[in-house]
Amino acid sequence: MTSYERVLRFALSKGIVFPSCEIYGEAPAGFWEYGPLGVRLRNRFIEAWRRELVRRDEMIEIDGSQIMTKRVFLASGHLESFADPITKCRGCGSIFRADKLIEEKTNISVPERLSDSEISMMLEDRGIRCTNCNGELSEVTRFNMMFKVSVGPSGDEAYLRPETCQSIFVDFLRIYKTTTNKLPLALCQIGKSFRNEISPRQSILRQREFYQAEIEVFFNPKKADEFDKFEQYKDYALMLQPLNEDKAVKVTPSEAVASGLISNRLIAYYLVLIQRFYERLGINRESVRLRQLDSEERAFYARESWDLEVKTSLGWLELVACNNRGDYDLTRHMEVSGQDLSVVDDGERIVPHVFELSMGVDRSLYLLLEHLYLTDSKRTILRLPYHLAPIQVAVFPLVDKGELTKLAERIYNDLKVDFDSFYDSRESIGRRYRKMDELGTPFCVTVDHQSLEDGTVTVRDRDTMSQIRVPASELKQRIQRLLEESWGRACDRGLGES
RNA sequence: GCGGCCGUCGUCUAGCCUGGACUAGGACGUGGGCUUUCCGAGCCCGCAACCCGGGUUCAAAUCCCGGCGGCCGCACCA
């Protein structure tokens with residue numbers, strides 16, 4: 001069994017994630033539900049994102065519409081560039097990427113800019129036929145990866161957003177004016193994006209509806225090196241894999257900027273921030289890399305791209321696309337909307353440039369499960385950092401009897417409002433501990449006979465299995481403090497090697 | 001979408017080739033009871049499945065066709 005299968009089996013059997021609409025046989029692939037524990041895990045992950053990136057860096061979070069009008073995507077380029085030219089065999093119905101088919105058959109590269117009819121003509125001129133049945137091929141049409149929706153009774157054309165960042169670009173000027181009025185300005189958003197993938201695969205790794213957490217840093221390109229925040233991380237060990245290299249090497253931001261590998265200090269700083277984020281979630285630094293993309297691999301709007309990838313059983317998994325989008329987005333929205341989105345910075349009117357950190361949330365959660373769902377000779381433990389655990393504290397009576405049960409229930413009822421709590425009184429105490437280990441629950445509170453005499457309970461630590469005795473009246477504060485300390489530990493681990 | 005393999009309780013699976021003894025068996029899970037009284041103990045009683053549709057047949061989990069889904073490869077991507 002592969003790690004992927006093991007994780008998926010675990011997730012499915014505990015109801016963490018599972019396929020959407022699964023009682024209907026015809027439900028299309030690429031849609032997944034988060035179950036009770038999955039929602040909590042995701043919420044904790046989002047809290048970590050807010051804490052370690054948003055609040056730490058004083059970013060500003062917004063929440064935009066998922067449905068946006070057509071012209072947004074005319075401006076963004078998605079109507080044109082997010083669509084693949086396809087042709088269908090009139091005989092057997094096979095569908096081909098028209099440009100790829102031509103390249104395959106003739107070794108002539110087909111420029112992206114060509115119109116459908118021009119590509120159709122190439123097919124015809126070269127006498128290209130279906131590779132499956134040698135049938136005649138249809139006119140070239142476009143398969144757009146965006147979901148089209150019609151709005152209102154008049155059916156106005158709109159689309160589900162294929163990335164969350166467009167609302168940030170569209171909203172930029174209003175937020176700029178109502179908040180800091182200053183560059184650089186980091187805006188961010190977490191929410192759903194939608195892509196009509198041809199072939200969704202691998203559960204939550206490749207969905208048609210998925211969560212993105214995106215950060216768009218607006219900056220003045222002339223001042224990208226005048227960036228004070230850079231100082232605190234200038235000696236961090238970035239795991240960079242430059243173009244044409246086959247593995248990552250440790251490079252400090254200072255070196256990377258000096259050598260021109262990273263184009264400026266602002267970008268270097270944000271690359272540190274994002275690498276550090278994963279390290280603080282408990283991912284080993286040696287398993288992380290920032291891989292530089294060449295022009296072939298880059299998205300159509302990017303001029304400098306680094307993909308944050310983490311090693312998994314499925315190979316390197318792309319988690320965060322880090323793109324220097326230049327002034328592409330604001331300029332395009334200015335052209336198409338007719339609105340002026342420029343600002344005055346340092347006495348000069350400019351269109352800000354954008355550096356983006358576009359995180360796949362679902363993928364990140366998979367990664368956590370795969371890296372941290374561990375079995376040794378004795379126990380299976382989901383070794384999440386304590387503050388990410390979906391259940392924070394479990395309360396048990398040592399045995400399910402009279403006064404012990406009553407006291408345990410009272411303690412549980414007191415804790416459940418402040419923490420994600422769990423109560424269980426069945427079977428042996430050891431079994432209950434082990435089940436909590438598997439779900440990553442950091443603390444188990446047990447009410448025993450001594451509790452009835454002196455009002456203390458035991459608190460068991462997930463990783464060490466050791467117990468401390470705590471007055472029940474102090475439980476809330478103690479657990480709170482232990483969870484706080486967990487953030488601190490993650491911090492130490494992240495900074496330890498730099 | 002194509003090609004290859006595959007689809008049975010919540011999970012993992014037996015059964016399928018060679019149609020009938022399958023009211024579909026087991027393990028884990030789960031609900032209840034007894035026992036136990038700090039690290040996946042034991043016993044008893046329950047719950048729970050043949051992906052969907054059509055066909056062949058006296059009879060389909062089993063054979064055939066189609067759809068949907070999964071895995072791998074191609075292509076695409078957070």
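Below, chains carry the letters A, B, ... as their sequence lines are ordered, and counting in each starts from 1.
- In this structure, A/Arg195 reaches the bases: a heavy-atom distance under 4.0 Å links it to at least one base atom across the strands shown.
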Provide a list of protein-nucleic acid N or O atom pairs under 3.5 angstrom, restricted to nucleotides 31-35 of chain B.
from: B/G31; atom 1: OP1; to: A/Arg426; atom 2: NH1; distance (Å): 2.4
from: B/G31; atom 1: OP2; to: A/Arg426; atom 2: NH1; distance (Å): 2.2

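- Contacts of A/Glu318 with the nucleic acid, taken as non-hydrogen atoms under 4.0 Å apart, involve only primed sugar atoms and P, OP1 or OP2.
- Nearest nucleotide to the side chain of A/Tyr433, out of B/C38, B/G69, B/C72: B/C38.
- Within the 4.0 angstrom heavy-atom criterion, no nucleotide atom of any strand lies near A/Lys378.
- For the segment residues 442-454 of chain A, residues with any heavy atom less than 4.0 angstrom from an atom of RNA chain B are, sorted by number, A/Thr446, A/Asp448, A/His449.
- We find that CD of A/Gln202 is positioned 15 Å from P of B/A78, with the value rounded to whole Å.
- Taking the ring pair (Phe, Tyr, Trp, His ring centres under 6.0 Å) definition, one finds that A/Phe45 meets it with A/Phe277, sequence neighbours left out.
- Between A/Ser358 and B/A78, a side-chain N or O to OP1/OP2 separation shorter than 4.0 Å is absent.
- A distance-only check finds a donor-acceptor pair linking the side chain of A/Arg462 to the backbone of A/Leu384 [under 3.5 Å].
- Toward the 5' end of RNA chain B, the nearer of the two residues A/Ser203 and A/Leu398, judged by each one's closest nucleotide, is A/Leu398.
- Taking every heavy atom of residues 5-13 of chain A and every atom of RNA chain B, pairs under 4.0 Å involve A/Arg9, A/Ser13, by number.
- Look at A/Arg431 and you'll find a side-chain N or O under 4.0 angstrom from OP1 or OP2 of B/A41.
- Screening residues 311-320 of chain A for side-chain hydrogen bond (donor to acceptor under 3.5 Å, both in side chains), with sequence neighbours left out, gives A/Ser313-A/Glu370.
- No engagement by A/Glu163 is indicated, since no non-hydrogen atom pair under 4.0 Å with the nucleic acid exists.
- Contacts of residues 461-475 of chain A with RNA chain B (heavy atom under 4.0 Å): A/Met465, A/Gln467.
- The side chain of A/Glu427 approaches B/U30 more closely than any other nucleotide in the set B/A78, B/U30, B/G40.
- For A/Arg410, the side chain to side chain contact (heavy atoms under 4.5 Å, CB included) partners at least two apart in sequence or on another chain are A/Leu407.
- A/Tyr4 comes within 4.0 angstrom of the backbone, heavy atoms only, and of no base.
- Within 4.0 Å (heavy atoms only), A/Ser193 reaches no atom of the nucleic acid at all.
- Checked by distance alone, A/Arg363 brings a side-chain donor or acceptor within 3.5 Å of a matching partner on the base of B/C77.
- The ring pair (Phe, Tyr, Trp, His ring centres under 6.0 Å) search around A/Tyr386 returns A/Phe443, not counting sequence neighbours.
- Closest to the side chain of A/Ala321, out of B/G70, B/A78, B/C39, is B/A78.
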Contacts under 3.5 angstrom, residues 29-39 of chain A side chains, donor-acceptor by atom type, not counting sequence neighbours:
from: A/Glu33; atom 1: OE1; to: A/Ser20; atom 2: OG; distance (Å): 3.4
from: A/Tyr34; atom 1: OH; to: A/Asp362; atom 2: OD2; distance (Å): 2.6

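- Side-chain contact, A/Thr164 with A/Glu214: a donor N or O sits under 3.5 Å from an acceptor N or O.
- Spacing between atom CD1 of A/Ile16 and atom C1' of B/G10 amounts to 13 Å, rounded to whole angstrom units.
- In this structure, A/Arg460 reaches the bases: a heavy-atom distance under 4.0 Å links it to at least one base atom across the strands shown.
- Shown here are the salt bridge (Lys or Arg N to Asp or Glu O under 4.0 Å) partners of A/Glu197, two or more places apart in sequence or in another chain: A/Arg206.
- Taking 4.0 angstrom as the limit, A/Lys14 places none of its side-chain polar atoms (N or O) nearer than this to OP1 or OP2 of B/C28.
- Considering only residues two or more places apart in sequence or on other chains, A/Thr456 meets the side chain to side chain contact (heavy atoms under 4.5 Å, CB included) condition with A/Gln450, A/Asp454, A/Arg469.
- Counting any heavy atom pair closer than 4.0 Å across all strands shown, A/Leu319 reaches sugar-phosphate atoms only and no base atom.
- A donor atom on one side chain and an acceptor atom on the other are not found under 3.5 Å apart for A/Gln166 and A/Arg161.
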Quiz item: Once each nucleotide of nucleotides 44-50 of chain B is scored for protein heavy atoms under 4.0 Å, what B/S/- sequence comes out, 5' to 3'?
Solution: -------
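- Judged by distance alone, the side chains of A/Tyr4 and A/Ser203 do bring a donor and an acceptor atom under 3.5 Å apart.
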